[in-house]
Colleague: 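Can you keep this structure in mind? I'll have questions shortly.
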Protein chains: 2
Amino acid sequence: MKAAPADPGRHYATRARETIARLLADQRRYLSAAAVYRLLGKRKPKVSLSTVYRTLEFLVETGIASKRIDDGGETTYVTCNAVHHHHAICSNCGRVEEIECAPVTAIANQLMARHSFKLNDHEMEFYGTCAACR
Amino acid sequence: MKAAPADPGRHYATRARETIARLLADQRRYLSAAAVYRLLGKRKPKVSLSTVYRTLEFLVETGIASKRIDDGGETTYVTCNAVHHHHAICSNCGRVEEIECAPVTAIANQLMARHSFKLNDHEMEFYGTCAACR
DNA sequence: ATCTCTGCAAATGTTTTGCAGACAA
DNA sequence: TTGTCTGCAAAACATTTGCAGAGAT
């Protein structure tokens with residue numbers, strides 16, 4: 001009897017993915033592919049930089065992480081849930097906190113109405129010092 | 001008698017800078033260095049891509065323009081005034097409109113207070129369709 | 001068995017830089 | 001004259017990709 005063929009289009013659970021997802025979840029701050037690669041460096045079976053790139057993009061597509069391009073033009077990733085929200089980034093420890101979006105949307109709508117601009121989407125980020133670092 | 005030496009640390013007004021500043025002011029939308037270089041291409045005395053890069057950065061430092069890194073990781077520039085404000089970007093024509101910041105600051109402060117996060121700075125952008133394109 | 005994932009090395013695309021000559025003041 | 005700008009070509013980086021073999025189901 002023939003073995004069932006692999007489910008087409010399906011994603012595999014691999015060591016690299018688990019490792020990187022866990023690392024990102026532990027850190028809770030924006031990390032570049034290079035940074036992840038560096039932090040991974042100590043673990044026994046190495047993961048290549050290409051795989052780090054591919055995995056981070058995979059996590060974003062899956063909704064497990066979100067990405068952001070920092071001032072230096074480097075793409076950075078952080079663990080977060082899929083529902084729309086904003087990020088408060090601590091300038092001291094780098095920790096990222098999720099912020100609810102509703103109040104932001106409200107203001108955005110008011111402002112755009114004034115400009116006769118039909119709003120489709122918005123982005124917002126907060127920078128400062130988190131409770132733990134004050 | 002000796003001619004007066006050039007004022008040290010001073011900036012020169014050159015053809016390249018005037019040309020690029022005018023182009024950016026006419027366009028009022030985010031343009032990459034490559035895009036500016038392309039648009040410049042038709043004019044008689046050519047400006048090199050390096051100079052475009054240097055000039056755009058110069059305009060930002062001078063407060064005549066602001067930059068933003070788009071989704072593809074490309075750095076883009078737009079003419080704008082120096083006081084803090086936000087940008088509404090039309091998805092159709094690319095036109096950028098300046099939005100006052102006060103209402104955004106108010107909401108930001110309220111939100112951050114709830115999270116015991118000391119707010120230092122924020123960023124916000126609006127995407128949609130401008131009045132002319134509706 | 002089959003289809004996906006990974007590593008490696010090479011390719012890409014953007015932005016930066018060193019240097020000598022052109023240009024503004 | 002003096003210091004700043006510019007063009008050119010090379011360098012520096014971050015990110016992507018082709019391919020063959022390893023791994024997951």
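The sequence lines fix the lettering, A, B, ..., with proteins before strands; numbering per chain opens at 1. All values derive from a computational prediction rather than experimental measurement.
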Colleague: Between A/Thr51 and B/Arg10, who's closer to the 5' end of DNA chain C by nearest nucleotide?
Modeller: A/Thr51

Colleague: With a 4.0 Å limit, can you tell me whether B/Thr55 has a side-chain N or O closer than that to the phosphate oxygens OP1/OP2 of D/dC5?
Modeller: no

Colleague: Could you check whether any side-chain N or O of A/Thr76 sits under 3.5 Å from a backbone N or O of A/Ile69, counting only pairs where one atom can act as donor and the other as acceptor?
Modeller: no

Colleague: Given atom CZ of B/Arg17 and atom C1' of D/dT6, what is their separation to the nearest angstrom?
Modeller: 10 Å

Colleague: Taking side-chain contact (heavy atoms from CB on, under 4.5 Å) as the test, write out the residues that go with A/Glu100, two or more places apart.
Modeller: A/Pro103, B/Leu111, B/Arg114, B/His115

Colleague: Just compare C/dG7, C/dT6, D/dT6 and give me whichever is closest to any side-chain atom of A/Ala16.
Modeller: C/dT6

Colleague: Rounded to the nearest Å, what distance is computed from the OH atom of residue A/Tyr37 to the P atom of nucleotide C/dG7?
Modeller: 9 Å

Colleague: Run A/His86 and A/His122 through side-chain hydrogen bond (donor to acceptor under 3.5 Å, both in side chains) and show every step you take.
Modeller: CA-CA 10 Å; A/His86 300 284; A/His122 67 264; 3.1 Å; yes

Colleague: Where along nucleotides 10-18 of chain D does protein come under 4.0 Å, by heavy atom, of base (B) or sugar-phosphate alone (S), with - for untouched nucleotides?
Modeller: ----SBBBB

Colleague: Could you give the CD1-to-C1' distance, from A/Ile69 to C/dT15, as a whole number of Å?
Modeller: 14 Å

Colleague: Flag yes if more than 12 heavy atoms outside A/Arg68 fall under 6.0 Å of its CZ atom; otherwise flag no.
Modeller: yes

Colleague: Ignoring hydrogens and geometry beyond distance, is the side chain of A/Tyr12 in donor-acceptor contact with the base of C/dC3 at under 3.5 Å?
Modeller: yes

Colleague: Could you tell me if the side chain of B/Glu97 sits less than 4.5 Å from the side chain of B/Cys90, heavy atoms only?
Modeller: no

Colleague: Using whole Å, what does the distance between atom C1' of nucleotide C/dC8 and atom NZ of A/Lys46 come to?
Modeller: 10 Å

Colleague: What is the separation between atom CD on A/Glu18 and atom C1' on D/dA24, rounded to the nearest whole Å?
Modeller: 11 Å

Colleague: I'd like to know if B/Met124 and B/Phe117 are part of one continuous hydrophobic network [Ile/Leu/Val/Met/Phe/Trp/Tyr, side-chain heavy atoms within less than 4.5 Å].
Modeller: yes

